[in-house]
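In what follows, a single structure is set out as C-alpha cells and then discussed.
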Amino acid sequence: MKEAQYIWMDGAFVAWNDAKVHILTHTLHYGNAAFEGTRAYKTNKGLAIFRLQDHTKRLLNSAKIVAIDCPYTQEQLQRAQIELLQKNHFEGDSVYIRPIIYLGYGAMGVYHKNSPVNVAIAAWEWGAYLGEDGLQKGIRIKTSSFARNSVKSSFGKAKISANYLNSQMAKYEAVSCGFEEALLLDENGFVAEGSGECLFIVRSNKLITPPHDNSLESITQATVIEIARNMGIDVEERRITRDEIYVSDEAFFTGTAAEITPIRELDFRVIGNGCRGEITTKIQNAYFDIVLGKDKEFSHYLTYIF
Ligand code: PMP
C-alpha cells in the first residue's frame, strides 16, 4: 500500500505511522463500525472527489442503522475529507478515501452503547481494484458457496465492518479457486452482488441490474443507471439468476473501488465473446469521463480540492 503523510483522527491530522488504536478497541472485537469507500481523481483542475456528499450521507446512514451516534455532522466530515486530501499533496491519478466511524477503547462486552465513538479518515493512492488488465480484458468470477448476508439477520443497506466477513470469505474462496472475484446470491438463489461490487448484465442491448433487496445501495450503480438512460440505453432493475448471466451478451461489476470492470467468465462459462463488450466499453468510457471532470453534464458530482 502506498502510504500518505497524514490521517485524520477525531478532528486532528496525525502522521500516518502514528494513527493507532488500542488493542481493546471495541470494534476490533465485535465488528461494529460504519465506513465508506470514496474516490478522488486527478482532473485537469486538480483532484476532485466523486459524489462526496452521497458517500458521506451513506456513511452517516450506515452509522444510524447500527446505532452508532456520530459526533460529527455531514458538513464537518466532508470538510475533513477535503482538508485531508489538501494536506497530503497527492500526485497520483486516483486516491481512495476511507472514513470509518468506530467504537473505541473504554468498555468491553457486546453491549456497545458505553463505548466511545471515534472517527478516522485515511486516504491513499490506489489504482484499479481488480487490476488494470481486468478493466481492459475483463475478469473471471465464481458463484460463491456463501449466500449474501440475510436481511433477516444483517443490514444490507449499511456499509458496516461486520458485513465484510461474508464478503471476505467469498472472496477468499473465489481467489483460492483461481478466480478474481466472487458473485454472491441471496438466500433464494437470486443475484445479490459481488464481494464489493454491484452487477450489471446486458441482454439484447438492455442493461439489467438487481434491485437492492439484499445489497448495498451502490453509488456507482446509480451513476451507471443515469449514464445509460442518458445514452438512451434501457435499464431494467429486476432479479437475475446465475444462468441468465451465463447467456447474457455482456456483464460487468460496478463499485467505487472496482469502477466498471467487465466480467468475461462466470463459473467457467464464457460470457458473450469473452472480452469487454460494446455497451460495457461505452459505459466505462462515460464513467471515466465523468470522474475525470471531462463531462460538464455531470460536473455537479465532483468536489474539487483547491
Ligand atoms: N456492494 C458492496 C458489498 C460493496 O462493498 C460495494 C463497494 N462500496 C458496492 C456494492 C458498490 O458500492 P459503491 O458503488 O457505492 O462503491
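This structure is a prediction, so every number in the text was calculated from the model and none was measured. By convention here, the first residue in the shown sequence is residue 1. As a basis for the values below, the full set of heavy atoms in this structure was taken, side chains included, without hydrogen atoms, waters or symmetry mates. In each ligand, atom 1 is the first atom listed, and ligand 1 is the first ligand listed.
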Does Arg39 make a cation-pi contact with Phe50 (under 6.0 Å, within 45 degrees of the axis)?
no
Could you tell me the residue and atom name of the protein heavy atom closest to atom 14 (O) of ligand 1, and the distance to it rounded to 0.1 Å?
Thr220 OG1, 2.5 Å
With distance as the sole criterion, is a donor-acceptor pair present between the side chains of Tyr41 and Asp93 under 3.5 Å?
no
Flag Ser218 as yes when one of its N or O atoms lies below 3.5 Å from any N or O atom of ligand 1, and as no otherwise.
yes
Protein residue, atom and distance nearest to atom 16 (O) of ligand 1, heavy-atom basis:
Thr256 OG1, 2.6 Å
Heavy-atom nearest neighbour of atom 15 (O) of ligand 1 within options Arg148, Arg58, His55, Arg39
Arg58
Where is the nearest protein heavy atom to atom 2 (C) of ligand 1: which residue, which atom, and how far?
Glu193 OE1, 3.5 Å
The closest protein heavy-atom partner of atom 5 (O) of ligand 1 is Tyr164 OH, 2.4 Å
Report the member of Gly156, Gly255, Gly196 with the shortest heavy-atom distance to atom 9 (C) of ligand 1.
Gly196
N/O to N/O below 3.5 Å, does that happen between Thr254 and ligand 1?
no
Does Lys113 NZ have over 12 foreign heavy atoms under 6.0 Å away?
yes
Can you label the angle between the His300 ring and the Phe298 ring as parallel, tilted or perpendicular, going by 30° and 60°?
parallel
Please identify which of these residues, Thr254, Val224, Thr256, meets the side-chain contact (heavy atoms from CB on, under 4.5 Å) condition with Ser218.
Thr254
With no hydrogens and no angle check, do the side chains of His212 and Gln221 hold a donor and an acceptor under 3.5 Å apart?
yes
Should the pair Phe306 and Tyr304 be assigned to parallel (<30°), tilted (30 to 60°) or perpendicular (>60°) ring geometry?
parallel
Output yes when the distance from some N or O of ligand 1 to some N or O of Gly37 is under 3.5 Å, and no in every other case.
no
List ligand 1 atoms under 4.0 Å from Ser195, heavy atoms only on the residue side.
3 (C)
Which heavy atom of the protein is the closest neighbour of atom 8 (N) of ligand 1, given with residue, atom name and distance?
Lys159 NZ, 2.9 Å
